Structure formats: structure tokens, C-alpha cells
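Note that the coordinates shown come from a computational prediction; the quantities given were computed from them, not determined experimentally.
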Amino acid sequence: KGEIDWKVLGKTKVIDINTKDADGMDLVYQKPEFPAAVKALDNTKIRIKGYMFPLDSDERQSQFLFGPFPLNCPFQYHVSPALVIEAHTAKDFSIKFSYDPMTIEGTLELVPEDKDLSTFYRLKDVKLIKE
């Protein structure tokens, strides 16, 4: 209840970028084209249900990926970047890793271009609402 649906974020268009960096090396990444419904969520508090993808081997996570599907590969989360949120808990707070679905809440930040990780969304000050 009160959660946004992944289908809203999934409407973000994925644009493939193939260019060169300052040293002339190939640079390949993806960037978003946000629809109006997603733009309206920028810098707002949202609640969303999904699954944690840990970024380190600790039992508790303060930074992790979050998506609509459970893990199926321990090395890469195999979904479109339009369906992955980079989640960051508040300072000195962490959430215990679980394979089970969970609901989290935080402030959504839209990322218009991330040449390193192709991140489209960041959720800041994340709190666990329910497991």
C-alpha cells in the first residue's frame, strides 16, 4: 500500500550511447529518457517493494541495488537499467541482506547521465519498511 509500481519506472526509455572518451577510447553506456510520470517523482519520498542485490559480502548492506525480481546470478543483476535502483541507507544505518522481497522507502533522485555505471535512479536515506 502506498508503493510505486515498477511499471512506472519501467516506462523510462533506455538510450544506448557509443562514443569516445577524452583519450579516444571507446565509451559505451546507457542513459535514460524519463517520461513525465517519472520526472514527477524526482526528489520525492517513495516506497517500493522488490529485492536486494548486495554489492559486498557483508551480512548488512548500506549500499545495494534494488529491483523487481529476485537474484538469479550472484555477479550481475540481469535487468534493464530502467528497473534498477541504486540504494543508499542513511549514515550509520544498514539493512540485513535477504533473498525475500522487502519494501523500502527513501528519496528518489533521477540520474540523467552516468557514464560509469549507467545508473538511472538513486534512492537516498533508505529505510526498511517491511520484509
Side-chain angles (χ1 to χ4, degrees):
K1 186 176 181 180
E3 302 159 4
I4 70 162
D5 192 314
W6 283 101
K7 291 177 186 174
V8 173
L9 298 179
K11 291 182 180 181
T12 296
K13 184 178 177 184
V14 179
I15 301 168
D16 293 320
I17 305 294
N18 293 294
T19 188
K20 303 269 186 200
D21 67 12
D23 298 323
M25 303 295 291
D26 288 335
L27 180 61
V28 178
Y29 64 99
Q30 295 172 313
K31 72 181 219 176
E33 185 176 298
F34 300 115
V38 175
K39 286 181 182 178
L41 297 172
D42 193 25
N43 291 310
T44 64
K45 188 173 275 195
I46 66 162
R47 195 175 273 197
I48 192 161
K49 184 176 183 175
Y51 296 86
M52 179 187 283
F53 184 97
L55 295 174
D56 62 45
S57 60
D58 292 340
E59 180 182 19
R60 301 192 65 83
Q61 303 286 309
S62 58
Q63 181 179 348
F64 54 92
L65 300 180
F66 198 72
F69 307 111
L71 292 174
N72 62 357
C73 173
F75 304 107
Q76 183 178 358
Y77 198 43
H78 295 279
V79 296
S80 161
L83 292 176
V84 178
I85 297 173
E86 181 184 297
H88 301 263
T89 63
K91 187 176 180 179
D92 299 325
F93 181 75
S94 61
I95 298 173
K96 184 178 178 184
F97 171 71
S98 174
Y99 289 102
D100 297 325
M102 59 180 67
T103 301
I104 60 174
E105 180 180 82
T107 302
L108 185 67
E109 173 190 356
L110 301 183
V111 182
E113 188 169 44
D114 180 349
K115 293 179 181 179
D116 295 323
L117 302 173
S118 294
T119 298
F120 289 10
Y121 319 103
R122 284 192 188 98
L123 199 58
K124 300 179 284 189
D125 298 325
V126 170
K127 296 178 194 165
L128 179 64
I129 301 302
K130 67 178 182 178
E131 294 183 69

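Side-chain contact check for Ile48 versus Leu108: every heavy-atom pair is 4.5 Å or farther apart. With contacts defined as side-chain heavy-atom distances shorter than 4.5 Å, the pair Val111/Leu117 does not qualify.
Residues Ala82 and Val14 share a closest heavy-atom pair of CB-CG2, 4.2 Å. Taking both residues in full, the closest heavy atoms of Pro112 and Pro32 are given as O-CD, 3.3 Å, listed atom of the first, atom of the second, then distance. Scanning both residues, Thr44 and Ala40, for their nearest heavy atoms gives CG2-O, 3.8 Å. Pairing each heavy atom of Pro54 with each of Phe97, the nearest pair is CD-CE1, 3.4 Å. Taking every heavy atom of both residues into account, Gln61 and Asp56 meet most closely at NE2-OD1, 3.0 Å. Scanning both residues, Pro81 and Gln30, for their nearest heavy atoms gives CG-OE1, 3.2 Å.
Of the possible polar contacts, one joining the Trp6 side chain to the Lys49 backbone as a donor-acceptor pair under 3.5 Å is found.
Phe64 and Ile46 fall within a single hydrophobic cluster, where Ile, Leu, Val, Met, Phe, Trp and Tyr are joined by side-chain heavy atoms under 4.5 Å apart, directly or via other members. In the hydrophobic clustering of this structure, Phe69 groups with Tyr99; members are Ile, Leu, Val, Met, Phe, Trp, Tyr whose side-chain heavy atoms approach within less than 4.5 Å, directly or through other members.
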Residue pair His88, Val126: steps toward the side-chain contact (heavy atoms from CB on, under 4.5 Å) verdict: CA-CA 6 Å; His88 301 263; Val126 170; 5.6 Å; no

From CA spacing to verdict: side-chain contact (heavy atoms from CB on, under 4.5 Å), Ile85, Ile104: CA-CA 11 Å; Ile85 297 173; Ile104 60 174; 5.9 Å; no

Residues Glu33, Val38; criterion side-chain contact (heavy atoms from CB on, under 4.5 Å); working and verdict: CA-CA 10 Å; Glu33 185 176 298; Val38 175; over 6 Å; no

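Distance check, rounded to the nearest 0.5 Å: CG of Asp5 to NZ of Lys11 gives 9.0 Å. Met102 contributes atom CE, which lies 10.5 Å from atom NZ of Lys96 (distance to the nearest 0.5 angstrom). Taking CE from Met52 and CG from Leu65, the interatomic distance works out to 10.0 Å, rounded to the nearest 0.5 Å. Rounding to the nearest 0.5 Å places CG of Leu83 at 8.5 Å from OG1 of Thr12. Interatomic distance, OG1 of Thr103 versus CG of Leu128, reported as 8.0 Å (0.5 Å rounding). Note that OG1 of Thr107 and CG of Asp42 are 10.5 Å apart. Values are rounded to the nearest 0.5 Å.
Between Arg122 and Glu86 a salt bridge is recorded (basic side-chain N to carboxylate O distance below 4.0 Å).
Applying the side-chain contact (heavy atoms from CB on, under 4.5 Å) criterion to Asp116, with sequence neighbours excluded, gives Asp114.
If you chain together ILVMFWY residues whose side-chain heavy atoms come under 4.5 Å of each other, Leu27 ends up grouped with Ile15, Ile17, Tyr29.
Classified by interplanar angle (parallel below 30°, tilted 30° to 60°, perpendicular above 60°), the ring pair Phe34/Tyr121 is tilted.
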